Amino acid sequence: MYKRSYITTPIFYPNARPHLGHAYTATIADILARYRRAVGDEVYFLTGVDENTEKVARAARAAGQETGAYLNTVVSSFKDLFSEKKLNISYDQFIRTSDEKVHWPGAQALWRKLVEAGDIYPSSYEGLYCVGHEAFVTEKNLVGGKCPDHNEAPQHLKETNYFFRLSKYTKEIKKRIECAELQIIPEERKNEIIALLERGLEDVSFSRPSDKVSVGIPVPDDSTQKMYVWCDALTNYISALGYGRDDELFRKFWPADLHIIGKDILRFHAGIWPGMLLSAGLPLPKKILVHGFITSGGKKMSKTLGNVIDPDTLIEEYGGEAVRYFLARHISPFEDGDITLTRFKETYNADLANGLGNLVARILQMSSQCFEHPVDLSEKRKPFSVSQYIEKFELNNALIAIWSDMSVLNDFIQENKPFDVIKTDKKKAQLQISYLVKELFRIAEILELFMPETSKKIKEAIQQNKKPENLFPRK
Ligand code: ME8
């Protein structure tokens, strides 16, 4: 059935170059967007960066640069990583929240809606603020006086700002999640947010005094305050579609089918965001897919901890397609997954160099020997055989299924030895080899979601009936 499908990633903090965690979210979002396009949906795929934050301003100061210039450099490195020559992320829009024309009108329009609903009120606040999290924290979140995730003591804040009446929406959000109008995937994450909602959501501070923060969107009608960065950031999902300015895309694509996020930002997306939308009288997103964390050598990979694997290092050595493959196949979308350089190399050699690369070379070698013209591919092919997995977001299982189809072809070659049959019975060899070529073409079509360039090269080689360049040289 024809559908419109709006898919988003979080907007990433450009306070440093992108790391493998960002690459992971963008890659699985891209695979799901390609899948929806392949089944005929009209897709709008959004990604971008979260710029109006103290983290970024601080990083710019540390680099001795002006914030705008610093942002342009880091944002280019995100765009470069997502470009066709690297991860090939097929987004329709890359939003920057510093963009006063694209993003700010939507953020301010939504703010006004919350005010109209009577859900914004001034109050004084005293508490602890962790810049790493860009969120208020409590004593019980700390270990030895420091935030354990960022290894830094929080700031002590005492100020007057605006609050959002989130507590009012606790019941309604819980109801919508329980009846799956807003689906949280997987179940474990749904239970986590339900437990939080059962304890009740508290009102949240939604602005900061302008003189205390160096960046931020001005609160409408009060120049002494700037929006709290999460209030600003969450709005990107609708401002990108033109909410608050030209809302044609908004009317077409909202509500989102799928927000893809990491588990660290679940409460913002399944608590604050639905609260804001309910307050504004807007429909809630349909699904939130919450993935785990990539660890390296068993530890969370984070800019602050310094154990980051730079995706560019892997791409330079193995290519963007291999990185996409590893992330989709070897990191479960629902749990934490570990990566080390050794494991990456082993996988590359086993699955891609010896596996896919070798199979393609063998089949096309035989086909170019046996046929003068390319094999006829016009007959109707089987529908997408991995839909059952992808619909459930089991990208790893989809790839396991494809590799098991490939081993069927390898077994077939092993048993029937078409390369020998050619010498004695050309007709029989042609039947065997055309079966192999057609199956390989079908596999290449499915691989388009995971490794678009490789898929294209395999299909072209089949259509030209010639052995392709070595797709995955052994390392
Ligand atoms: O939280 N493993 O931005 P952020 C897997 N700007 N994924 C990871 C990861 C890891 N080790 N580290 C990060 C923010 N991610 C806010 C979001 S949205 C309105 C605002 C991925 O740069 C994962 O998707 O810290 C996580 O949720 C996101 O990057 C956080 O990126």
Side-chain angles (χ1 to χ4, degrees), residues 7-30 32 46-56 59 71 74-75 77-78 81-82 87 89 94-98 103 106-107 110 130-135 147 149-150 189 215 217 227-240 256 258-274 276-277 285 288-311 323 326-328 330-339:
I7 298 178
T8 68
T9 71
I11 43 171
F12 305 109
Y13 288 130
N15 59 327
R17 290 166 52 74
H19 61 73
L20 208 61
H22 299 140
Y24 180 68
T25 314
T27 300
I28 60 170
D30 181 67
L32 293 167
L46 174 74
T47 190
V49 282
D50 189 356
E51 300 179 284
N52 307 320
T53 131
E54 216 36 48
K55 277 161 95 99
V56 171
L71 276 172
V74 181
V75 169
S77 65
F78 272 88
L81 177 67
F82 292 175
L87 288 179
I89 306 299
F94 186 103
I95 191 169
R96 295 185 61 167
T97 57
S98 64
H103 175 62
L110 188 65
C130 170
V131 177
H133 275 107
E134 290 289 8
C147 163
D149 289 341
H150 298 97
R189 299 291 163 216
V215 283
I217 304 179
M227 281 182 205
Y228 168 47
V229 63
W230 272 99
C231 161
D232 150 354
L234 289 162
T235 320
N236 94 88
Y237 299 128
I238 57 174
S239 69
L258 185 61
H259 288 321
I260 300 169
I261 59 168
K263 64 181 182 182
D264 54 331
I265 53 176
L266 173 62
R267 70 190 171 100
F268 297 100
H269 283 78
I272 299 179
W273 181 225
M276 290 167 76
L277 292 165
I288 304 180
L289 171 63
V290 191
H291 67 70
F293 266 116
I294 301 186
T295 55
S296 182
K299 287 214 175 83
K300 179 184 161 184
M301 209 185 289
S302 92
K303 289 174 276 210
T304 329
L305 294 181
N307 63 340
V308 163
I309 293 186
D310 187 335
V323 175
F326 184 92
L327 295 176
H330 291 282
I331 309 282
S332 148
F334 309 127
E335 289 152 29
D336 290 353
D338 202 59
I339 171 171

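None of these values were measured; they are calculated from a predicted model. Whatever order the structure lists ligands and atoms in, that order sets their numbers, starting from 1.
Residues F82 and H22 keep their aromatic ring centres 6.0 Å or farther apart.
At least one heavy atom of H291 lies less than 4.0 angstrom from ligand 1. The closest approach between a heavy atom of F268 and any atom of ligand 1 is not below 4.0 Å. Residue contacts with ligand 1 include G292, since one of its heavy atoms falls under 4.0 Å from the ligand.
When the salt bridge (charged side-chain N to carboxylate O under 4.0 Å, His left out) test is applied to D264, no partner is found at least two apart in sequence or on another chain. With sequence neighbours left out, the side chain to side chain contact (heavy atoms under 4.5 Å, CB included) criterion links P311 to L20, A23, L81.
Each of the following atoms of ligand 1 lies closer than 4.0 Å to a heavy atom of P10: 18 (S), 24 (O). Distances below 4.0 Å separate heavy atoms of D50 from the following atoms of ligand 1: 6 (N), 16 (C), 20 (C). Every atom of ligand 1 with a heavy atom of A233 under 4.0 Å away is listed here by number and element: 19 (C). Short contacts between ligand 1 and F12, defined as distances under 4.0 Å to a heavy atom of the residue, involve ligand atoms 3 (O), 22 (O), 29 (O), 31 (O).
Inspection of the T235 and H103 side chains reveals no N or O donor paired with an N or O acceptor under 3.5 Å.
Under 4.0 angstrom from ligand 1, the non-hydrogen atoms of H19 all belong to its side chain. Only the side chain of W230 comes within contact range of ligand 1, with a heavy atom under 4.0 Å; no backbone atom does. Neither the backbone nor the side chain of E134 comes within 4.0 Å of ligand 1, counting heavy atoms alone. With a 4.0 Å heavy-atom cut-off, ligand 1 is reached by the side chain of T25 but not by its N, CA, C or O. With a 4.0 Å cut-off on non-hydrogen atoms, D264 touches ligand 1 through its side chain and not its backbone.
A salt bridge links D336 with K263; the closest basic N to acidic carboxylate O contact falls under 4.0 Å.
Atoms CG and SG, on L110 and C231 in that order, are 7.0 Å from each other to the nearest 0.5 Å.
Proximity of H133 to D149: side-chain heavy atoms (C-beta onward) are separated by under 4.5 Å at one or more points.
Taking each of V229, T9, I11 in turn, the one with a heavy atom nearest to atom 18 (S) of ligand 1 proves to be I11.
The shortest N or O to N or O distance between H269 and ligand 1 is not below 3.5 Å.
Screening W273, W230, Y237 for a ring pair (Phe, Tyr, Trp, His ring centres under 6.0 Å) involving F268 leaves a single residue, W230. A side chain to side chain contact (heavy atoms under 4.5 Å, CB included) with N236 holds for exactly one of L46, D50, T8; it is L46.
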